[in-house]
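Everything below concerns the one structure shown next.
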Amino acid sequence: QVQLVESGGGLVQPGGSLRLSCAASGSIWRIVHMGWYRQAPGKQRELVATITSGGTTNYADSVKGRFTISRDNAKNTVYLQMNILEPEDTAVYYCNCNAILHYWSSVSSDYWGQGTQVTVSS
């Protein structure tokens, strides 16, 4: 199985910054991609940003230019640098890892972290 440990959430004023981290551990053969999703109260979970093992990134339009996703493949860790935070960014942020567990398999599965609260408020 895969365990994801998230850190870095908290309370920040509008215009401020936060950095989220997520470390994956367990019996992992290869991580295909990692990313961050978020869910605000009363809303569906939505994609924030993803990054492949090769470094290709994808962002939601609402965070482009403000958030940066990066990855340390050696540590199986993904980061989300969030700048110029807005009240609309308030949500629980979930780490996602798409991984292959066995060398003989080509099938990957999604794994999720517990979530970390980000609150943007004055």
Residue pair [X] / [Y]: nearest heavy atoms and the distance that separates them:
X	Y	result
C95	V78	SG-CG1, 4.0 Å
Y79	D72	CE1-CB, 4.2 Å
L4	G113	CD1-N, 3.5 Å
K75	T77	O-OG1, 2.9 Å
Y94	G115	CD2-CA, 3.6 Å

Handout entry: Stepwise side-chain contact (heavy atoms from CB on, under 4.5 Å) test for L80 and F67
Key = CA-CA 7 Å; L80 185 68; F67 291 10; 4.2 Å; yes
Exercise for the section: Could you go through the side-chain contact (heavy atoms from CB on, under 4.5 Å) check for E46 and R38 one step at a time? Expected result: CA-CA 5 Å; E46 63 177 4; R38 68 187 181 186; 2.7 Å; yes
Problem - Exam field: side chain N73 to backbone S53, donor-acceptor pair closer than 3.5 Å - result: yes
Atom pair [atom1] ([X]) and [atom2] ([Y]), whose distance is rounded to the nearest 0.5 Å:
X	Y	atom1	atom2	answer
R71	T57	CZ	OG1	12.0 Å
L85	S121	CG	OG	12.0 Å
L18	Y93	CG	OH	9.0 Å
Q3	Q114	CD	CD	11.0 Å
Y111	N98	OH	CG	9.0 Å

Problem - hydrophobic_cluster_shared for Y103 and I100, side chain cutoff 4.5 Å - result: yes
Practice task
Tell me whether V92 is reachable from V118 by hopping between hydrophobic residues (I, L, V, M, F, W, Y) whose side-chain heavy atoms are closer than 4.5 Å.
Solution key: no
Problem - CA sep, side-chain torsions, deciding dist, call: V2, L101, side-chain contact (heavy atoms from CB on, under 4.5 Å) - result: CA-CA 9 Å; V2 176; L101 301 188; 3.6 Å; yes
Handout entry: Flag for T90-E88: side-chain donor and acceptor within less than 3.5 Å
Key = no
Problem - Donor + acceptor pair across side chains of R45, Y37 (<3.5 Å) - result: no
Solution key, residues 20-36 side-chain donor-acceptor pairs under 3.5 Å, sequence neighbours excluded:
none

Problem - Enclosure of Q81 CD (heavy-atom neighbours >12, cutoff 6.0 Å) - result: yes
Exercise for the section: For residues Y59 and L47, determine if any side-chain heavy atom of one lies less than 4.5 Å from a side-chain heavy atom of the other. Expected result: no
Problem - Residue of the set V63, N58, I51 for which side chain to side chain contact (heavy atoms under 4.5 Å, CB included) holds with I69 - result: I51
